[in-house]
Number of protein chains: 2
Amino acid sequence: MTALNDPHYKQRADLLKAMAHPSRLRMLAALEDGPLCVCDLQKIVGSDMSTVSKHLSVMRAAGLVSDQKRGLQVFYELRVPCIMRFFACMESVLNPNESDGEAVCTT
Amino acid sequence: MTALNDPHYKQRADLLKAMAHPSRLRMLAALEDGPLCVCDLQKIVGSDMSTVSKHLSVMRAAGLVSDQKRGLQVFYELRVPCIMRFFACMESVLNPNESDGEAVCTT
DNA sequence: GTCATCTTTGGCTATTCTACCAAATAACCA
DNA sequence: TGGTTATTTGGTAGAATAGCCAAAGATGAC
């Protein structure tokens with residue numbers, strides 16, 4: 001069994017990959033304040049609408065967000081409250097000297 | 001300012017990307033128990049030595065690991081104690097019903 | 001029904017990533 | 001010095017990803 005086909009690590013890699021894009025991270029951050037429609041997210045990230053839609057479908061496939069249709073619009077909602085911990089943890093990795101890193105990296 | 005060229009999100013995306021590969025995750029997990037040389041890691045992930053070396057150089061560039069030469073061997077060491085929090089958080093995302101998720105996702 | 005709006009999908013190209021092989025480099029030993 | 005082992009680097013082919021445009025769906029307004 002190599003690491004490549006171990007489903008345990010494959011699953012985790014897929015989840016990380018679904019987050020590992022500036023626009024997708026920006027969208028996840030925006031969704032922390034509540035659901036947003038695609039047009040809102042499109043304004044926030046500033047890319048083509050079709051590009052935004054594809055990013056969202058990547059994140060939905062990974063289980064990071066869910067979608068719900070309301071009239072013409074489709075609202076996306078964060079499915080992972082834990083995502084803030086991720087960001088806080090990343091922050092402490094990127095800026096290890098900042099004090100708020102302590103609260104997260106206690107191990 | 002679009003999300004694409006926002007250095008804040010670019011930086012985070014790069015860090016996630018450096019982790020988003022099954023072999024690299026496997027190596028990070030192995031390094032939690034202490035430094036390992038490339039040959040050890042090569043046995044663990046089961047890929048070609050050159051492939052492993054390139055994975056390590058990706059993680060080193062991202063600041064996830066550091067390297068130190070001892071004789072013929074090069075030992076890699078985890079630079080991010082926080083990495084366990086990442087994994088615990090991912091675990092709770094992937095398996096939201098398991099009890100150990102509670103300890104991490106309290107927000 | 002037609003029209004307008006919001007979103008997704010298909011197609012295409014360019015870029016990036018990955019893995020293997022072969023060759024080069026580095027360090028130790030005899 | 002020459003040989004052996006450990007690691008890195010270069011090259012390359014294939015796969016995956018990203019972005020844009022155009023077209024197609026879906027829904028509501030008229």
Side-chain angles (χ1 to χ4, degrees), chain A residues 1-6 9-28 30-31 35-62 64-77, chain B residues 1-6 9-28 30-31 35-62 64-77:
Chain A
M1 168 68 73
T2 67
L4 278 175
N5 46 26
D6 183 339
Y9 291 103
K10 169 99 172 58
Q11 196 182 19
R12 279 149 190 75
D14 287 342
L15 188 63
L16 288 172
K17 213 157 29 170
M19 290 193 282
H21 188 287
S23 297
R24 298 205 282 262
L25 287 177
R26 182 70 193 83
M27 288 194 263
L28 290 173
L31 289 171
L36 291 171
C37 68
V38 183
C39 51
D40 289 334
L41 292 165
Q42 191 263 320
K43 284 170 204 142
I44 289 170
V45 303
S47 300
D48 190 87
M49 175 73 88
S50 67
T51 300
V52 172
S53 177
K54 282 177 184 174
H55 279 312
L56 286 166
S57 105
V58 167
M59 292 197 288
R60 184 183 44 206
L64 291 168
V65 298
S66 60
D67 62 332
Q68 188 190 1
K69 188 139 195 169
R70 296 187 210 164
L72 277 180
Q73 299 174 317
V74 178
F75 280 79
Y76 280 82
E77 183 176 8
Chain B
M1 168 69 73
T2 68
L4 277 174
N5 45 28
D6 183 338
Y9 291 102
K10 170 100 174 56
Q11 195 182 21
R12 278 150 191 74
D14 287 342
L15 187 63
L16 288 171
K17 210 155 35 168
M19 290 193 282
H21 188 287
S23 296
R24 298 203 283 261
L25 288 176
R26 181 71 192 82
M27 287 193 265
L28 290 173
L31 290 172
L36 292 171
C37 68
V38 183
C39 52
D40 289 334
L41 293 165
Q42 191 261 322
K43 283 170 205 142
I44 289 171
V45 303
S47 301
D48 190 86
M49 174 74 89
S50 66
T51 301
V52 172
S53 178
K54 281 176 183 172
H55 279 311
L56 287 166
S57 103
V58 168
M59 293 197 288
R60 184 183 45 205
L64 291 168
V65 298
S66 60
D67 62 332
Q68 187 190 3
K69 187 138 195 169
R70 298 187 211 162
L72 276 180
Q73 298 175 317
V74 177
F75 280 78
Y76 280 82
E77 183 175 8

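Letters A, B, ... are given to chains in the order of the sequence lines, protein chains preceding strands, and every chain is numbered from 1. Computed from heavy atoms alone, side chains included, the values below leave out hydrogens, waters and symmetry copies.
Atom OH of Tyr9(B) is separated from atom C1' of dA18(D) by 20 Å (rounded to the nearest Å). Atom CE in Met19(A) sits about 14 Å away from atom P in dA18(D), given to the nearest Å. Atom CD in Gln68(A) sits roughly 13 Å away from atom P in dT7(C) (whole-Å rounding). The nearest whole Å value for the distance from the CD atom in Gln73(A) to the P atom in dG28(D) is 11 Å. Going from atom NE2 of His55(B) over to atom P of dT7(D) covers 16 Å, rounded to whole Å. The separation between His21(A) atom NE2 and dA16(D) atom C1' is 13 Å, rounded to whole Å.
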Under 3.5 Å, which N/O atoms of the protein pair with N/O atoms of nucleotides 27-30 of chain C?
none

For nucleotides 8-15 of chain D, which of its nitrogen or oxygen atoms have a protein nitrogen or oxygen under 3.5 Å away, and what is each distance?
{"unit_1": "dT8(D)", "atom_1": "OP1", "unit_2": "Tyr76(B)", "atom_2": "OH", "d": "2.7"}
{"unit_1": "dT8(D)", "atom_1": "OP2", "unit_2": "Ser53(B)", "atom_2": "OG", "d": "2.7"}
{"unit_1": "dT8(D)", "atom_1": "O5'", "unit_2": "Ser53(B)", "atom_2": "OG", "d": "3.3"}
{"unit_1": "dG10(D)", "atom_1": "O6", "unit_2": "Lys54(B)", "atom_2": "NZ", "d": "3.0"}
{"unit_1": "dG11(D)", "atom_1": "O6", "unit_2": "Lys54(B)", "atom_2": "NZ", "d": "2.6"}

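Every side chain to side chain contact (heavy atoms under 4.5 Å, CB included) that Gln73(A) has, sequence neighbours left out, goes to Cys37(A), Cys39(A), Phe75(A). In terms of the side chain to side chain contact (heavy atoms under 4.5 Å, CB included) criterion, residue partners of Val74(B) (sequence neighbours excluded) are, by chain and number, Val38(B), Asp67(B), Lys69(B), Tyr76(B). Taking the side chain to side chain contact (heavy atoms under 4.5 Å, CB included) definition, one finds that Glu77(A) meets it with Pro35(A), Ser66(A), sequence neighbours left out. Residues passing the salt bridge (Lys or Arg N to Asp or Glu O under 4.0 Å) test with Asp48(A), sequence neighbours excluded: none.
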Begin with the C-alpha distance, continue with both residues' side-chain angles, and end with the deciding distance and a verdict on side chain to side chain contact (heavy atoms under 4.5 Å, CB included) for Val65(A) and Leu28(A). CA-CA 8 Å; Val65(A) 298; Leu28(A) 290 173; 4.0 Å; yes
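Rounded to the nearest 0.5 Å, atoms CE (Met27(B)) and CE (Met19(B)) are 13.5 Å apart.
Nearest heavy-atom pair, Ile44(B) versus Ala30(B), reported as atom, atom and distance to 0.1 Å: CD1-CB, 3.8 Å.
The closest donor-acceptor contact from the side chain of Arg26(B) to the backbone of Leu41(B) lies at 3.5 Å or more, if one exists at all.
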